[in-house]
Amino acid sequence: MPELPEVETVRRGLAELLPRRTAKDVQVFDSPKSFPNAPRDVEQFLYGAEVVAVRRRAKVLIIDLDTSYSLVAHLKMTGQLVFRGETHFGAGHPNDSLVGQLPDRSTRLQINFEDGARLFFNDQRKFGWVKLLPTSEVENLPFFKKVGPEPLEEETKPEHFIERIRRRNGSMVKPAILDQSVVAGIGNIYADEALWAAKIHPEIRVRDLADEQLETIFIEAVKVMALSIEKGGSTDRNYVDAEGKRGSYLEFAHVFRREGKACHVHPDQEIVKIRVAGRGTHICPVCQTAP
DNA sequence: CACTTGACCTGTCCGC
DNA sequence: TGCGGACAGGTCAAGT
């Protein structure tokens, strides 16, 4: 579910809500992949720890504590991190939340703070996880060892993307841009949106694309993800932000979940859904001509 | 090494 | 209304 824009939206919310709060305890409901490598008594390492910052790298959230430990979370397909408690901009935000009373049956973890605030990790499919790691070891996670640069950072240029995606010259272009070692954070929604905007068919091999076409894909991916962050991300079914609210990017999408609807460039052409490398894929067959 | 496929889970939707 | 099967936004392990 959550891709870079969704995780970044959650990060921005948590960055407003969590710092300076002190953790008290944690309840683990049912989260088999969480705390696999944590110290034996997680609570002992969480009790009295104050949140100092909330960071993001790729699709991973990092909540830094003042104890030299960090809570590290991956939401995978259906994870949510939802905050409940009094805020400096007032209570009442939870009233327009998409999620109801918490905990609910998808709640896997609940972190309680000394001031009564609570942070819920909900995850219908249990693919996601939360780890507690020494902050200095976060960057040593295997995933971080191979992940590519952040596409929305100024210093990440199209040529960095081109150099990395060329390592996958034999692959079709869609699975190549979903590869997190090329650039971080692109998932199924923004892959389809970027390829439509770049007028590139997802099944074309990377080797059959000119550098200029690859550059266009990168620029369009950055544009759609930046717009999505402005819109609070894409809510299809599960995704909500740190206050439990949905994002509105899909109202602006050109192809994702628009099968059977008119292409915004060719009104007589319907968006078609196909399967590419095992993933549902949305294209305009006129904008994006097959290889 | 590069590429593809299946597995991890639960819930929902669609056709019979 | 019930039931089986396909499918869902992400990664990883194992296969070729």
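Order of the sequence lines sets the chain letters (A, B, ...), proteins ahead of strands, with each chain counted from 1.
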Looking only at side-chain atoms of [X], point me to the closest of [options].
| X | options | answer |
| --- | --- | --- |
| A/R205 | B/dC8, B/dT4, C/dT11 | B/dT4 |
| A/S171 | C/dC7, B/dT4, B/dC9 | B/dT4 |
| A/N188 | C/dT11, C/dA8, C/dG10 | C/dG10 |
| A/D236 | C/dA8, C/dG9, B/dT4 | C/dG9 |
| A/K273 | B/dG11, C/dA8, C/dG10 | C/dA8 |

Is it the case that the base of B/dA2 and the side chain of A/R167 share a donor-acceptor contact (distance under 3.5 Å, atom types as modelled)?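 Such a pair does not exist between side chain and base.
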
Can you tell me the distance, in whole Å, between the [atom1] atom of [X] and the [atom2] atom of [N]?
| X | N | atom1 | atom2 | value |
| --- | --- | --- | --- | --- |
| A/L178 | C/dC12 | CG | C1' | 15 Å |
| A/I189 | C/dA8 | CD1 | C1' | 11 Å |
| A/R257 | C/dG9 | CZ | P | 6 Å |
| A/E193 | C/dG9 | CD | C1' | 13 Å |
| A/R207 | B/dA2 | CZ | P | 13 Å |
| A/F256 | C/dG10 | CZ | P | 8 Å |

A/N169 or A/R237, whichever maps to the more 5' nucleotide of DNA chain B: A/N169

For A/R168 and A/K126, find the nucleotide of DNA chain B closest to each by heavy atoms; which residue's nucleotide sits nearer the 5' end?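 It is A/R168 whose nearest nucleotide is closer to the 5' end.
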
Could you go through the side-chain contact (heavy atoms from CB on, under 4.5 Å) check for A/R166 and A/V206 one step at a time? CA-CA 7 Å; A/R166 285 291 181 205; A/V206 174; 4.0 Å; yes

Is a donor from one side chain sitting under 3.5 angstrom from an acceptor on the other, for A/D25 and A/Q27?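 No donor-acceptor contact under 3.5 Å links the two side chains.
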
Exercise: do A/S97 and A/R84 side chains pair donor with acceptor under 3.5 Å: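 A donor-acceptor contact under 3.5 Å links the two side chains.
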
Does A/H266 use its side chain to pair, donor to acceptor, with the backbone of A/D268 at less than 3.5 Å?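 Not confirmed, A/H266 side chain does not pair with A/D268 backbone.
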
Return the nucleotide paired to B/dC9: Watson-Crick means purine N1 to pyrimidine N3 with N6-O4 or O6-N4, wobble means G-U with N1-O2 and O6-N3, both under 3.5 Å.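 In the structure as shown, B/dC9 has no Watson-Crick or wobble partner.
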
Which part of the nucleic acid does [X] contact within heavy-atom distance under 4.0 Å: base, sugar-phosphate only, or nothing?
| X | answer |
| --- | --- |
| A/R108 | nothing |
| A/G278 | nothing |
| A/G280 | sugar-phosphate |
| A/Y190 | nothing |

Could you check, using the six-membered ring where one of them is a Trp, whether A/Y249 and A/F256 have ring centers closer than 6.0 angstrom? no

Using the C1' atom as the reference point in each nucleotide, state the distance between C/dA6 and B/dG6 in Å, no decimals.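 Approximately 15 Å lies between the C1' atom of C/dA6 and that of B/dG6.
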
For A/F127 and B/dC9, is the gap between ring centres under 5.5 Å while the planes differ by less than 30°? no

